[in-house]
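Here is the structure we will look at.
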Amino acid sequence: MSRSRWPVIARRTYALALVALAMAVLLARRDQIGALTTGARAAPLIAALGLGLVSLGQSTLFWSRGLTSMGAHRPAGDVFEATVAAIPARYLPGSVWYAAGRVAHLRRGGTPASTLMAVAGLETLLSFVVALSFGAGLLVVSGQSPDVGGPTLMGVAAALALVASPWVVNPSMRWLALRRGTAVGPELRWSAYLELCGHLVAFWTTSAAAFLCYLSAFPAIDTPGLARTAGTFLVAWAVGFAAVFAPQGAGVFETTVAGLLSGAPVAALAVVVAGYRALTAVRDALALLGLVVRRALRARRTPAA
């Protein structure tokens with residue numbers, strides 16, 4: 001067996017083991033899980049679903065502004081359609097496939113691959129940087145030491161922020177253009193870089209708010225304040241992002257959140273936290289359904305050739 005097959009086998013084995021473990025916990029801790037979910041309310045779940053849809057629009061805005069800042073403007077509608085069309089890639093092991101899916105969809109419209117790859121790289125790196133830094137800051141404000149990963153994760157975040165900065169991105173783009181014999185496009189300005197970071201702060205604020213709404217649907221879960229819960233969510237996402245073997249950090253995110261929040265049996269709380277993924281899957285399904293309807297209506301309005 002080739003060595004390149006081992007990562008695929010390991011990821012599939014991990015996914016199967018995770019499903020088996022979740023089923024075992026559901027059976028063994030069903031009373032504890034039932035106690036945590038008793039009295040669940042629909043309104044906060046609907047609010048969390050709505051905020052999840054808003055975050056898709058914010059992600060679209062990041063890509064639209066990123067492409068424009070690098071001289072490759074695309075209509076926001078095209079970028080949003082590519083964002084939704086790439087959603088199935090979110091469920092592949094690894095943290096880069098969603099961005100890669102958007103690159104593939106937008107490239108069909110003629111946008112230079114080098115610019116798309118640059119924006120995808122900026123989103124991937126800066127998402128980790130902003131989520132970890134923002135989350136750690138919220139934990140400090142709440143009086144909780146962000147000791148998950150310790151200085152190592154913060155050092156990685158600082159290094160990735162440097163890699164995604166104009167100091168590195170612009171020379172890389174010039175080198176790539178020279179290698180391909182193409183014209184050098186507009187450089188990434190520091191003002192655009194800071195604007196993109198601001199878009200990600202807004203994105204993660206919305207995402208954390210959606211998670212807070214989800215948890216508030218279960219009165220039996222005693223959350224330790226807005227700042228600490230939101231900070232926990234963001235840091236746990238960053239830890240899961242670093243676990244490239246897990247699809248969307250599955251398993252890593254849930255156990256990290258449950259361990260940081262505490263106040264309830266960790267295994268049972270992790271299962272309830274995992275329900276947030278089901279809500280996100282519903283959001284994704286609604287977005288994909290909307291895309292299908294939009295394309296069908298557009299096809300009906302377009303005269304046959």
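Two different hydrophobic clusters hold Phe80 and Val54 under the rule that ILVMFWY side chains link at heavy-atom gaps under 4.5 Å. A continuous path of ILVMFWY side-chain contacts below 4.5 Å connects Leu234 to Val201, so both sit in one hydrophobic cluster. Hydrophobic clustering (side-chain heavy atoms under 4.5 Å, transitive across Ile, Leu, Val, Met, Phe, Trp, Tyr) groups Val119 together with Leu162. By the criterion of side-chain heavy atoms lying less than 4.5 angstrom apart, applied directly or through intervening Ile, Leu, Val, Met, Phe, Trp or Tyr residues, Met117 is grouped together with Phe128 in one hydrophobic cluster. If you chain together hydrophobic residues whose side chains sit under 4.5 Å apart, Tyr193 and Trp167 fall into the same group.
Of all heavy-atom pairs spanning Ala164 and Val169, the tightest one is O-CG2, 3.5 Å. Counting all heavy atoms, side chain and backbone alike, Cys197 lies closest to Val130 at O-CG2, 4.3 Å. The two residues Val84 and Leu288 come nearest to each other via the heavy atoms O-CD2, 3.2 Å. Annotation for Val235 and Gly135: closest pair CG2-C, 3.7 Å, computed over non-hydrogen atoms.
Rounded to the nearest 0.5 Å, atoms OG1 (Thr111) and CG (Leu106) are 5.5 Å apart. Between the CG atom of Leu61 and the CG atom of Leu196 there is a distance of 9.0 Å, given to the nearest 0.5 Å. Rounding to the nearest 0.5 Å places OG1 of Thr115 at 5.5 Å from CE of Met70. The structure places SG of Cys213 at 11.5 Å from CD1 of Ile46, a figure rounded to the nearest 0.5 Å. In this structure, the separation between CZ on Arg189 and CD on Glu195 is 9.0 Å, given to the nearest 0.5 Å. A distance of 11.5 Å separates CZ of Arg277 from CG of Asp284, quoted to the nearest 0.5 Å.
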Derivation and outcome, side chain to side chain contact (heavy atoms under 4.5 Å, CB included), residues Phe211 and Leu51: CA-CA 9 Å; Phe211 184 69; Leu51 288 170; over 6 Å; no
Quick one, Leu139 with Arg228, criterion side chain to side chain contact (heavy atoms under 4.5 Å, CB included). Give me CA distance, side-chain angles, the key distance, then yes/no. CA-CA 5 Å; Leu139 288 178; Arg228 182 177 173 185; 4.0 Å; yes
Could you give me the CA-CA distance, side-chain angles and deciding distance for Trp63 and Val103, then say whether side chain to side chain contact (heavy atoms under 4.5 Å, CB included) is met? CA-CA 10 Å; Trp63 273 73; Val103 168; 3.9 Å; yes
Are His105 and Glu81 close enough, and set up right, to give a side chain to side chain contact (heavy atoms under 4.5 Å, CB included), and what steps lead you there? CA-CA 9 Å; His105 285 285; Glu81 187 166 320; over 6 Å; no
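At least one side-chain heavy atom of Leu291 sits under 4.5 Å from a side-chain heavy atom of Arg295. At a threshold of 4.5 Å between non-hydrogen side-chain atoms, the residues Leu138 and Thr229 do not count as touching.
The other residues sharing a hydrophobic cluster with Leu226 are Leu212, where clustering joins ILVMFWY side chains under 4.5 Å apart.
A side-chain donor-acceptor contact under 3.5 Å links Ser69 to the backbone of Gly66. Side-chain atoms of Ser64 never come within 3.5 Å of backbone atoms of Thr60 as a donor-acceptor pair (strictly under, hydrogens ignored).
Under the side-chain hydrogen bond (donor to acceptor under 3.5 Å, both in side chains) criterion, the residue pairs touching residues 204-219 are Gln58-Thr206, with sequence neighbours excluded.
Neither side chain, Thr280 nor Arg90, offers a donor N or O lying under 3.5 Å from an acceptor on the other. In this structure, a donor-acceptor pair under 3.5 Å is present between the side chains of Arg102 and Thr83.
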